[in-house]
There are 2 protein chains.
Amino acid sequence: MKATAQILKEKGLKVTPQRIAVYNMLLNTTEHPNAETIYKALEPTNPTMSLATVYKTLDYFKQLGLVQELNVGEGSSRYDAVVKCHPHTVCIQCGKVRDLYLEELTEIHKKIAEELDFEVRCEQLILYGICGKCRRENNENS
Amino acid sequence: MKATAQILKEKGLKVTPQRIAVYNMLLNTTEHPNAETIYKALEPTNPTMSLATVYKTLDYFKQLGLVQELNVGEGSSRYDAVVKCHPHTVCIQCGKVRDLYLEELTEIHKKIAEELDFEVRCEQLILYGICGKCRRENNENS
DNA sequence: TATTAAATAAAAATAATTATCATTTAGGGG
DNA sequence: CCCCTAAATGATAATTATTTTTATTTAATA
């Protein structure tokens, strides 16, 4: 695996502890955290870090294709270090956002795109519903 | 077509000029306006209308299934009087949001959902890209 | 028509994000 | 290795979208 500092350098970014911290945090989670959550997670180890820096860092990363922004209809944006377009599930009960990897879908959308007067750059599919865990808990309590 | 007042009444809502205006405005557009845009559009005919009322009205409508909220990654939410889940295209150049009606997709998602430990309630597909109009304009200018 | 609970407008409050700006720092050149 | 400078940071103010509050108005029922 490529070192974070190296990745930043290749993108033409100055390597700073803050940027390394944000990127590593995102690499090591599948939780799709928002800026606030990232900030809180880094506070213990980076006590001088500011929330504005997190926002600015995420914005740079987004422009350079290091992260993707995801809005599932909450107040705030979530971020994902997996930049390849991929579908997500959102549990409307516990709020958990999970990645889905369904090659079929990608292919199907490509095919459909060809039939439209629209040049698809990225497709985002969000499935809203009840995750397995919540469904089982609901059944127990009824 | 059912009268707006009747629809509101059936949902157990008090019929007010503001609610009728908001709902009719959404019925008569395919632009997926946000709260601000709805407010501005209604200002000429409803000069006393307040933005807070637009927000509250949209919130009621959403709860009752009269409108659906759509977030394509802008700062604000858009609203659609077509409440059936359906895909959208978003032009990353002109910002236009359009409805797509692709039955195949709905079916495919249903099938895939069966294979997941996830009970799908609604799926939202957003295709980001360049619309035909923008693509043609780009070609002219190059 | 009178009553009353609910809806409205206006304004203040909140939340998420962005901008400003003085200070600090990364990283290239000497 | 240190200096220099442009860029990054932190603190804070500003902005934008949305929600809440509250006094007033109104829809709808008796």
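Letters A, B, ... are given to chains in the order of the sequence lines, protein chains preceding strands, and every chain is numbered from 1.
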Please state whether the phosphate of D/dT9, meaning OP1 or OP2, lies under 4.0 angstrom from any side-chain nitrogen or oxygen of A/Thr16. yes
Measuring to OP1 and OP2 of C/dA6, would you say a side-chain N or O of B/Tyr60 lies under 4.0 angstrom away? no
Let me spell it out: for each of A/Leu13 and B/Lys56, pick the nucleotide of DNA chain C with the closest heavy atom. Which residue's pick is nearer the 5' end? B/Lys56
side-chain N/O A/Gln18 vs C/dT25 OP1/OP2, d < 4.0 Å: no
Side chains of A/Glu69 and A/Ser77: donor-acceptor distance under 3.5 Å anywhere? yes
Taking the axis from the first five pairs and the axis from the last five, what angle separates them in the helix from C/dT1-D/dA30 to C/dG30-D/dC1, rounded to 10 degrees? 30°
Please check the phosphate of D/dT9 (OP1 and OP2 only) for any side-chain N or O of A/Arg19 closer than 4.0 Å. yes
Less than 4.0 angstrom between a side-chain N/O of A/Tyr55 and OP1 or OP2 of C/dT17, yes or no? yes
B/Ser77 side chain N/O closer than 4.0 Å to the phosphate oxygens (OP1, OP2) of D/dA17? no
Does the side chain of B/Thr53 get closer than 4.0 angstrom to OP1 or OP2 of C/dT8 through an N or O atom? no
On the nucleotide D/dG10, are OP1 or OP2 found under 4.0 Å from the side-chain N or O atoms that A/Thr48 carries? yes
Assign the ring pair B/His32 / B/His86 to parallel, tilted or perpendicular, where the plane angle (0 to 90°) is split at 30° and 60°. tilted
